[in-house]
Amino acid sequence: MDEAVKIVNDIKNGQIKPIYFLMGEEAYYIDKIADYIEQNVLTEDEKGFNQTVLYGRDVTIEDIIGTAKRFPMMADRQVIIVKEAQDLSRTIEQIERYTENPVPTSVLVFCYKYKTIDKRKKFTKNIEKLGVLFESKKLYENQVGDWINRVLKSKGYGIEPKATAMLVEFLGTDLSKINNELEKLQIVLPKQSTITAIDIEDNIGFSKDFNVFELRKAIGERNQLKAYQIVHYFSENPKENPILMVTALIFGYFQQLLQYHGLKDKSSKNVAAALKISPYFTKDYELAARNFPMKKVSVAIAKLREMDVKSKGVGANSLPLNDLYREMLIALFN
């Protein structure tokens, strides 16, 4: 995110603000900015007396303000980082008076994760005026692939589209989780490597042939043999492939197909934007839409709702997993 990069670059250039309020659904950038401040604003010698890490569940706003009003010892400034600040959501507005006149020798950082504050509040306006108010927004699924490519390119790596799809399929849009897995790959693979689906399978544990991504593709192609092979693998490995997750992702896939049928402009660019997928996969949806006309998609969605109920043990009479999956595929391929 360009805004996060700018904040870090400003700090590098000595433009350090007295207060940083980092909020939003995506924790990754909040952690990155806070970690940079924690590691770089003070020298190692200064940190002992002048760097304080607090946790929202353990302190009050009064505690935070009291700490921020102290003067630094043998340093130009002190740093106070409030982690898990969202635990202070009921009292956070009490910071308002401090934000009107923050102590210039203190750098007060709030890590307010998974939530946001109304920017029309007086204290948020104060922070925007005198400090930094940063909102870290969740990326859409079709944006995560580009993010993965940028991160890896900056570190001297490349990645195949299928490998990217596998990461997004299994880890969703949680950038922190994805980054952790990318760091594992960077430990075992030399720089200038291009990460492949096989690398993902060998080092992270996702099967390149037996995963939900491949199941959706097999269903879209009406490749019944492959689809049955994959669900058999799922039934043999239920912990790695929980049925509730599988049915939810297949359900989401057919919702996207329904959306595809409703599009007037079916160009690759428009489909990718509307369905929030990588343009690399629009051809797969085009084929699936031919194999599943709108009426069949509607029937499939209804059947998947039934499957979801049965997978939760309602009206299924404890059917074995393999039988539940087979019942799902029979309904989808009819």
Side-chain angles (χ1 to χ4, degrees), residues 1-2 5 26 28-29 32 138-223 225-227 229-231 233-234 237 240-241 245-246 248-250 252-253 256-257 260 266-291:
M1 185 183 287
D2 293 341
V5 173
E26 180 50 69
Y28 176 81
Y29 287 109
K32 282 293 181 184
K138 277 280 187 188
L139 296 186
Y140 292 118
E141 186 173 317
N142 64 319
Q143 296 174 311
V144 177
D146 288 339
W147 179 85
I148 291 171
N149 282 307
R150 288 199 306 272
V151 169
L152 289 173
K153 185 177 180 181
S154 70
K155 297 181 179 180
Y157 292 84
I159 187 168
E160 292 180 349
K162 184 174 181 180
T164 301
M166 289 173 69
L167 287 170
V168 177
E169 188 71 49
F170 284 91
L171 299 174
T173 59
D174 188 321
L175 301 187
S176 296
K177 284 184 180 179
I178 295 172
N179 188 63
N180 287 340
E181 299 302 335
L182 294 179
E183 288 179 347
K184 291 178 188 177
L185 290 167
Q186 291 165 48
I187 292 172
V188 297
L189 298 174
K191 280 198 171 184
Q192 308 309 318
S193 297
T194 296
I195 297 168
T196 66
I198 294 174
D199 293 325
I200 300 292
E201 181 175 19
D202 290 345
N203 296 287
I204 299 179
F206 307 150
S207 170
K208 72 181 190 308
D209 297 315
F210 298 98
N211 57 64
V212 180
F213 172 72
E214 292 297 328
L215 177 59
R216 295 198 313 188
K217 187 176 180 182
I219 291 171
E221 294 172 348
R222 297 192 75 86
N223 186 337
L225 175 60
K226 186 172 182 181
Q229 288 174 336
I230 294 172
V231 297
Y233 176 84
F234 285 177
N237 300 273
E240 290 78 15
N241 307 278
M245 179 197 75
V246 174
L249 291 171
I250 300 299
Y253 176 65
Q256 287 177 312
L257 283 181
Y260 178 93
K266 290 185 170 63
S267 64
S268 178
K269 184 178 179 180
N270 189 60
V271 169
L275 272 57
K276 297 182 173 58
I277 60 173
S278 166
Y280 179 82
F281 298 109
T282 55
K283 292 293 183 184
D284 293 341
Y285 282 83
E286 183 181 332
L287 174 60
R290 289 200 297 269
N291 287 329

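Ring centroid separation for the pair F213 and Y253 does not come in under the 6.0 Å cut-off. The ring of W147 has its center closer than 6.0 angstrom to the ring center of Y28.
Heavy atoms from other residues, nucleotides or ligands lying under 6.0 Å from NZ of K177 number 12 at most. For CD1 of I198, the number of neighbouring non-hydrogen atoms (other residues, nucleotides, ligands) closer than 6.0 Å is 12 at most.
Put simply, CD1 on I230 and CG on N211 are 7.0 Å apart, with the number rounded to the nearest 0.5 Å. The CD atom of Q143 sits 9.0 Å away from atom NZ of K276, with the distance rounded to the nearest 0.5 Å. The line from CG of N149 to OG1 of T164 is 5.0 Å long, rounded to the nearest 0.5 Å. Note that the OG atom of S193 and the CD1 atom of I159 stand 11.5 Å from one another [nearest 0.5 Å]. Separation of atoms CZ (R216) and CG (L257) is listed at 9.5 Å; rounding is to 0.5 Å.
Between I204 and L167, some side-chain heavy-atom pair lies under the 4.5 Å cut-off. Side-chain contact between I148 and V168: present, with at least one pair of heavy atoms (C-beta onward) separated by less than 4.5 Å. For the pair F234/V212, a side-chain contact is recorded, criterion being any heavy-atom separation below 4.5 Å from C-beta on. Using a 4.5 Å cut-off on side-chain heavy atoms (C-beta onward), L185 and I200 make contact. Side-chain contact check for N179 versus K32: some heavy-atom pair is nearer than 4.5 Å. Contact of the Y29 side chain with the L175 side chain is registered, since non-hydrogen atoms from C-beta on lie closer than 4.5 Å. Side-chain atoms of K266 and E286, non-hydrogen and from C-beta on, never get closer than 4.5 Å to each other. Between L171 and E181, some side-chain heavy-atom pair lies under the 4.5 Å cut-off.
The minimum heavy-atom distance between T196 and E160, with the atom names listed, is CG2-OE2, 3.4 Å. Taking all atoms of both residues into account, the shortest heavy-atom contact from A163 to A197 is CB-N, 3.8 Å. In terms of heavy-atom proximity, N291 sits nearest to G220 at ND2-O, 2.8 Å. Taking each heavy atom of T282 and S268 in turn, the nearest pair found is OG1-OG, 2.9 Å. Nearest heavy atoms, A218 versus A227: CB-N, 3.9 Å.
Judged by distance alone, the side chains of Y285 and Q256 do bring a donor and an acceptor atom under 3.5 Å apart.
Taking the ring axis of Y157 as reference, the NZ or CZ atom of K191 does not stay both within 45° of it and closer than 6.0 Å to the ring centre.
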Quiz prompt | L287 vs K283, side-chain contact (heavy atoms from CB on, under 4.5 Å): CA-CA, chis, key distance, verdict | solution = CA-CA 6 Å; L287 174 60; K283 292 293 183 184; over 6 Å; no
Quiz item: Where do K155 and L182 land on the side-chain contact (heavy atoms from CB on, under 4.5 Å) test, with the steps shown first?
Solution: CA-CA 11 Å; K155 297 181 179 180; L182 294 179; over 6 Å; no
Quiz prompt | Worked check of salt bridge (charged side-chain N to carboxylate O under 4.0 Å, His left out) between E214 and K217 | solution = CA-CA 5 Å; E214 292 297 328; K217 187 176 180 182; 5.2 Å; no
Exercise. Carefully, step by step, assess N270 and S267 under the rule side-chain hydrogen bond (donor to acceptor under 3.5 Å, both in side chains).
Key: CA-CA 5 Å; N270 189 60; S267 64; 5.3 Å; no
Exercise. Please lay out, stage by stage, how K184 and V188 fare under the test side-chain contact (heavy atoms from CB on, under 4.5 Å).
Key: CA-CA 7 Å; K184 291 178 188 177; V188 297; over 6 Å; no
Exercise. Carefully, step by step, assess E221 and R290 under the rule salt bridge (charged side-chain N to carboxylate O under 4.0 Å, His left out).
Key: CA-CA 9 Å; E221 294 172 348; R290 289 200 297 269; over 6 Å; no
Quiz prompt | Test side-chain contact (heavy atoms from CB on, under 4.5 Å) applied to E26 and L139, step by step | solution = CA-CA 8 Å; E26 180 50 69; L139 296 186; 5.8 Å; no
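Within the 3.5 Å criterion, the main-chain N or O of I219 finds no donor-acceptor partner in the side chain of N223.
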